[in-house]
Amino acid sequence: MNALSIHNLRKTYSNGFEALKGIDLEVKQGDFFALLGANGAGKSTAIGIISSLVNATSGTVKIFGYDVKTQRNLAKSCLGLVPQEINFNQFDTAKNIVLNQAGYYGIPRKLALQRTETCLKQVDLWDKRDTMSRRLSGGMKRRVMIARAMVHAPKLLILDEPTAGVDIEIRRSMWEMMKDVNAQGTTIILTTHYLEEAESLCRNIAIIDSGQIIEHSDMASLLTRLHVDYFILDLAQPVTILPTLNGYEIKQISEKILEVGVPKERGLNDLFAQLSTANIHVISMKNKSNRLEQLFINLIDNKNARES
Amino acid sequence: MSVFIAFNTIVRKEIYRFIRIWPQTLLPPAITTALYFLIFGKLIGDRIGTIHGTSYMDYIVPGIILMSVITHSYANVVSSFYSTKFQHNIEELLVAPVPNWVILAGYISGGILRGVLVGVVVAVISLFFTPLNVQNPAMAMAVVLLTSTLFSLAGFINAILAESFDDISIIPNFVLTPLSYLGGVFYSVDMLPLIWQHISLGNPILYMVSAFRFSVIGVSDVDISLAFLMTGGFILLLTFFALWLLQRGTGIKT
Ligand SMILES: Nc1ncnc2c1ncn2[C@@H]1O[C@H](COP(=O)(O)OP(=O)(O)O)[C@@H](O)[C@H]1O
Ligand SMILES: [Mg+2]
């Protein structure tokens with residue numbers, strides 16, 4: 001069963017801007033899926049259409065088999081949305097916000113109160129339930145929206161850049177929470193432009209660029225497609241003349257820092273042998289960028305090269 | 001069933017809103033109308049004498065009550081729905097399986113309740129100035145309900161079409177207030193020159209004020225059944241228009 005299937009989805013905004021140029025997307029039930037793309041790629045537009053906030057120009061969207069146009073209410077009941085921007089009434093309390101949302105989904109009052117408590121506890125906000133939401137921190141506001149999205153126990157939870165602008169610690173606790181929710185059977189779709197996030201959380205991934213899906217596969221096979229790993233080397237002494245290395249790219253970042261590109265098939269041993277011969281002593285080494293980031297850049301470069 | 005829960009939730013939220021900000025929603029009409037009664041009814045009214053055989057105070061009380069109902073049912077829906085739209089929390093309703101007619105019914109009910117509540121507040125204040133012997137309570141209630149429904153609908157449509165906070169004050173300032181003042185709240189239309197009497201008959205508020213006054217003191221400027229017919233007709237018209245706007249997503253979807 002697909003939690004989400006999108007076919008040939010297009011969106012042209014009223015100003016004539018074509019934000020989605022016919023995208024296809026499938027997300028399996030139980031998946032933890034990342035929709036990756038730079039700012040302005042069309043992620044929020046796609047999510048807007050999935051959640052009935054934006055009218056599609058053409059194409060179909062089905063949530064657990066229910067068409068969002070023709071079986072709107074059934075489709076909506078399966079979906080929980082955490083939007084990119086804060087969109088609750090900031091003069092209301094966290095508890096009321098979540099409780100009202102339960103009401104909109106038709107959950108009877110008594111059950112709604114229980115669900116509100118469960119969800120606010122899950123995002124660690126039960127203590128703050130009666131605080132006017134305007135006074136909550138940015139990370140807390142985001143968690144209010146997560147609790148609100150889960151109050152009707154949706155089968156599919158979509159989070160639009162949930163960790164944008166929240167600090168590392170909170171980001172990590174959100175990751176744990178999302179993992180838990182996914183482990184309990186909820187399908188999760190996450191958009192992000194933190195590639196690290198997608199890499200550590202998601203099993204499947206799609207990359208969207210300028211309104212087109214340029215990659216749609218599982219994370220593991222995507223990562224193996226990377227041929228070259230980049231490393232940063234810290235040196236014991238400054239190097240003045242950069243040695244040429246046979247079979248490796250090398251670049252000087254500063255006096256005592258080098259960057260090397262290591263093709264997968266060559267491995268690291270020969271690199272260190274050559275460095276030792278050149279009398280360069282390496283103190284420590286770290287991965288340059290996140291590999292996914294590299295891949296992302298490659299994909300977009302390739303696409304631009306094809307187009308020009 | 002679930003639709004009923006959603007409706008209840010909206011209404012509850014609306015009531016909570018206007019109760020919470022009562023110094024902005026319930027107190028001002030109390031003060032304004034107390035001043036009307038004092039200045040127009042008492043100080044000036046005593047020199048005017050009677051209209052259609054009733055004292056000036058008794059003549060203006062029903063009009064002032066209904067004018068408050070109109071202003072406040074309109075204001076409630078236009079400001080509540082516009083800020084819901086402005087803060088994007090309308091999205092909470094749009095993502096949920098709530099049919100458009102439930103959204104409309106919920107907000108309109110909020111407007112009606114605020115209108116009725118303000119009407120009661122104003123009526124209570126009027127008791128300090130003159131006894132209120134309502135001749136036909138059922139009819140009075142019907143007029144209040146229909147009038148507040150109509151102006152709640154108008155406020156809702158205004159909120160949907162508004163693109164800025166200025167847009168939500170244009171109609172109240174430039175249409176609603178003049179039409180209310182010219183709707184025979186403070187005078188009987190037969191005090192006007194003939195030409196203005198005819199023009200006044202094109203003002204829907206005149207019909208509602210007259211119907212309400214008739215139900216309270218038994219005096220009217222116009223045909224009462226025409227008043228009901230007209231109000232009912234406008235309600236139908238605006239309901240369909242509002243539902244059509246919601247269906248299209250005007251102002252709330254891109
Ligand atoms: N209401 C709108 N009218 C016109 N253009 C829009 C509108 N909303 C978004 N866009 C444009 O559509 C593109 C995709 O936006 P969005 O879906 O928000 O991207 P993302 O979420 O991936 O950052 C952007 O170029 C954005 O400027
Ligand atoms: Mg976005």
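Naming convention: chains lettered A, B, ... in sequence-line order (proteins, then strands); numbering from 1 in each chain. These figures come from a predicted structure and were not determined experimentally.
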* With chain A, which of B:Val98, B:Val95, B:Ile103 has the greatest number of heavy-atom pairs at distances under 4.5 Å? ->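 Of the candidates given, the most pairs with chain A belong to B:Val95.
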
Interatomic distance, [X] atom [atom1] to [Y] atom [atom2] [nearest 0.5 angstrom]:
X: B:Leu94; Y: A:Leu81; atom1: CG; atom2: CG; answer: 11.0 Å
X: A:Tyr104; Y: B:Leu93; atom1: OH; atom2: CG; answer: 4.5 Å
X: B:Ile5; Y: A:Arg109; atom1: CD1; atom2: CZ; answer: 10.5 Å
X: B:Gln87; Y: A:Asp92; atom1: CD; atom2: CG; answer: 9.5 Å

* To do: With the side chain counted from C-beta on, respond yes when A:Asn89 and B:Glu92 share a heavy-atom pair under 4.5 Å apart, and no when they do not.
  =>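 Counting from C-beta outward, A:Asn89 and B:Glu92 never come under 4.5 Å.
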
* Should B:Pro97 and A:Tyr105 count as side-chain neighbours, where that means a heavy-atom distance under 4.5 Å? ->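 Yes; the side chains approach each other to less than 4.5 Å.
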
* Are there residues of residues 48-60 of chain A that reach to under 4.5 Å of chain B by heavy atoms, and which ones? ->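 Contacts with chain B: A:Ser51, A:Ser52, A:Leu53, A:Val54, A:Asn55.
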
Could you check whether atom [atom1] of [X] has more than 12 heavy atoms from other residues, nucleotides or ligands sitting under 6.0 Å from it?
X: B:Phe234; atom1: CZ; answer: no
X: A:Glu18; atom1: CD; answer: yes
X: B:Phe86; atom1: CZ; answer: no
X: B:Phe129; atom1: CZ; answer: yes
X: B:Arg12; atom1: CZ; answer: no
X: A:Lys62; atom1: NZ; answer: no

* **Side chain, backbone, both or neither of A:Glu85 within contact of chain B (heavy atoms, under 4.5 Å)** =>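 Interface part for A:Glu85: neither.
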
* Residues from residues 13-31 of chain B approaching chain A under 4.5 Å (heavy atoms) ->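 Residues B:Lys13, B:Tyr16, B:Arg20 are the ones that qualify, each having a heavy atom under 4.5 Å from chain A.
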
